[in-house]
Amino acid sequence: MTDHEHATESICRRLVGRTAVVTGAGSGIGLATARRLASEGARVVCGDIDEKAGKAAADEVGGLFVRVDVTDPEEVEALFKAAYDTYGSVDVAFNNAGISPPDDDSILDTGLDAWKRVQEVNLTSVYLCCKAAIPYMRRQGRGSIINTASFVARMGAATSQISYTASKGGVLAMSRELGVQFAREGIRVNALCPGPVDTPLLRELFAKDPERAARRLVHIPLGRFARAEEIAAAVAFLASDDSSFVNATDFLVDGGIAGAYVTPL
């Protein structure tokens, strides 16, 4: 039995009977999370702007696909309505869709259009998804929202992606505030802060600039990038009652980056 098979076999089913909405479900962290939540018993609604990838994800996990542009308020409302209308609840919202385009770089080189586009997809979309999900959760008296921020919401980098960094800082601050505001209504809101994850997006970015990849890798005490499945496991924990006292926090899954001064040779 492989390590992966053993890990899959030992997964507990903490989300049976719950409905989870995942944005950016067609690839990377979103796809890994859709698989993990489904394996724990959740009914998964896969939202993605890429119809082919999103539908494939939904088909794989036996869930529902909804095409969604996460920057469009009406489409976001329709995503959560579809989840409720199909399954009768909205228990988990993993607001994960995001971009990291190459024209988002140093503040000296990043144009206003690039800045605005990243803010819309990475930050405004999380605002829209939370705004759509919370009313369902209030009626239920229960819910867990996990918003994808980043370890760069906590740390600065000289290899800057200025709008990405600022957007993730916004996600962190917004998640903290929502977690405080709605805590006594049974709704928890946390910001997931992954370190660099080995996804197609990151591989494409670093394949074009090996020096930039090396500069990042040296700062990770574990000596490697995360696997998407490791981030998905953290989402599953935050979605479940095992994290019932975890709220309004920056949940770091970063291989020790934020704790490091000097890393091992």
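- T19 is listed as a side-chain neighbour of V45, based on a closest heavy-atom distance under 4.5 Å.
- For the residue pair S160 and S106, no side-chain donor N or O sits within less than 3.5 Å of a side-chain acceptor on the partner.
- Hydrophobic clustering, with ILVMFWY side chains joined whenever heavy atoms are under 4.5 angstrom apart, keeps L64 apart from V22.
- By the 4.0 Å N-to-carboxylate-O rule, E75 lies close enough to R67 to be salt-bridged with it.
- If you check the side chains of D104 and S163, you find no donor sitting under 3.5 Å from an acceptor.
- In terms of heavy atoms, P196 sits closest to F225 at CB-CD2, 3.3 Å.
- At least one side-chain heavy atom of L192 sits less than 4.5 Å from a side-chain heavy atom of V235.
- Of the inter-residue distances, the one linking L123 atom CG with S167 atom OG reads 6.5 Å to the nearest 0.5 angstrom.
- V180 and V126 are members of different hydrophobic clusters when ILVMFWY side chains are connected at heavy-atom separations under 4.5 Å.
- At most 12 non-hydrogen atoms from other residues, nucleotides or ligands lie less than 6.0 angstrom from CD of E74.
- Note that the CG atom of D72 and the CD atom of E120 stand 10.5 Å from one another [nearest 0.5 Å].
- Counted within 6.0 Å of CD on E60, heavy atoms from surrounding residues, nucleotides or ligands total more than 12; the atom is thus considered enclosed.
- At a cut-off of 3.5 Å, with distance as the only test, no side-chain donor of R18 or S89 sits close to an acceptor on the other residue.
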Do any side-chain atoms of residues 249-262 form donor-acceptor pairs under 3.5 angstrom with protein atoms, and if so which ones, sequence neighbours left out?
| residue | atom | partner | partner atom | Å |
| --- | --- | --- | --- | --- |
| D250 | OD2 | R154 | NH1 | 2.7 |
| D254 | OD1 | G256 | N | 3.0 |
| D254 | OD2 | I257 | N | 3.4 |
| D254 | OD2 | A258 | N | 2.8 |

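- Of all heavy-atom pairs spanning G28 and A228, the tightest one is O-CB, 4.0 Å.
- Residues L172 and A191 come closest through the heavy atom pair CD1-CB, 3.8 Å.
- Other residues, nucleotides and ligands contribute at most 12 non-hydrogen atoms within 6.0 Å of the OH atom of Y127.
- At most 12 heavy atoms of other shown residues, nucleotides or ligands fall within 6.0 angstrom of atom CD1 in I107.
- Under the 3.5 Å distance criterion, the side-chain polar atoms of S244 are matched with a main-chain donor or acceptor of D241.
- No side-chain heavy atom of T148 sits less than 4.5 Å from a side-chain heavy atom of V171.
- Side chains of I220 and T263 form no contact here, defined as non-hydrogen atoms less than 4.5 Å apart.
- Taking a cutoff of 4.0 Å between a charged side-chain nitrogen and a carboxylate oxygen, R227 and E230 qualify as a salt bridge.
- Counting only heavy atoms from C-beta outward, the side chains of F94 and T23 never approach each other to under 4.5 Å.
- Contact of the M137 side chain with the I187 side chain is registered, since non-hydrogen atoms from C-beta on lie closer than 4.5 Å.
- Look at D242 and R14 and you find a salt bridge, because one of the NZ, NE, NH1 or NH2 atoms lies within 4.0 Å of a carboxylate O, short of that distance.
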Q) Passes side-chain hydrogen bond (donor to acceptor under 3.5 Å, both in side chains), R215 versus T159? Steps please. A) CA-CA 9 Å; R215 286 184 72 180; T159 52; 5.7 Å; no
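- Note that CZ of F80 is 13.0 Å distant from NZ of K131, once rounded to the nearest 0.5 Å.
- Using a 3.5 Å distance cut-off with no hydrogens or angles, the side chains of S100 and Q161 do pair a donor with an acceptor.
- Residues I146 and V92 have side chains in contact (heavy-atom distance under 4.5 Å, counting atoms from C-beta outward).
- Contact annotation: the side chain of F182 never approaches that of I145 to less than 4.5 Å [non-hydrogen atoms, C-beta and beyond].
- A83 and V90 get closest at one heavy-atom pair: CB-CG2, 4.2 Å.
- Residue R139 qualifies as enclosed at atom CZ: its count of foreign heavy atoms under 6.0 Å is above 12.
- A donor-acceptor pair under 3.5 Å is formed between the side chain of S240 and the backbone N or O of F237.
- Using a distance-only test at 3.5 Å, with no hydrogens or angles considered, no donor-acceptor pair links the side chain of D103 to the main chain of A114.
- Using a 4.5 Å cut-off between side-chain heavy atoms of Ile, Leu, Val, Met, Phe, Trp and Tyr, with links allowed through other members, L31 and I29 fall into different hydrophobic clusters.
- Judged purely by atom type and a 3.5 angstrom limit, N190 has no side-chain atom pairing as donor or acceptor with the backbone of S175.
- For the pair D113 and R117, the salt-bridge criterion is not met [side-chain N within less than 4.0 Å of a carboxylate O].
- Side chain of S243 to backbone of L238: a donor-acceptor contact under 3.5 angstrom is found.
- Between D50 and D48, the closest heavy-atom pair is N-OD1, 2.9 Å.
- Both M155 and L217 belong to a common hydrophobic cluster when Ile, Leu, Val, Met, Phe, Trp and Tyr are linked at side-chain heavy-atom distances under 4.5 angstrom.
- In this structure, R43 contributes its side chain and G17 its backbone to a donor-acceptor pair below 3.5 Å.
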Q: Begin from the C-alpha positions of T71 and S125 and carry the test side-chain hydrogen bond (donor to acceptor under 3.5 Å, both in side chains) through to its verdict.
A: CA-CA 5 Å; T71 68; S125 73; over 6 Å; no
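- Using a 4.0 Å cut-off between charged side-chain N and carboxylate O, E40 and R36 make a salt bridge.
- W115 and A166 make their closest contact through CH2-CB, 3.6 Å (heavy atoms, listed as atom of the first residue, atom of the second, distance).
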Q: Apply the test side chain to side chain contact (heavy atoms under 4.5 Å, CB included) to residues R188 and F245: give CA-CA distance (whole Å), side-chain angles for both, the deciding distance (0.1 Å), then the verdict.
A: CA-CA 9 Å; R188 297 182 295 110; F245 209 61; over 6 Å; no
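- V118 and I49 fall into different hydrophobic clusters, where Ile, Leu, Val, Met, Phe, Trp and Tyr are joined by side-chain heavy atoms under 4.5 Å apart, directly or via other members.
- Remark: side-chain polar atoms of N122 are not paired, donor with acceptor, to backbone N or O of Y164 under 3.5 angstrom.
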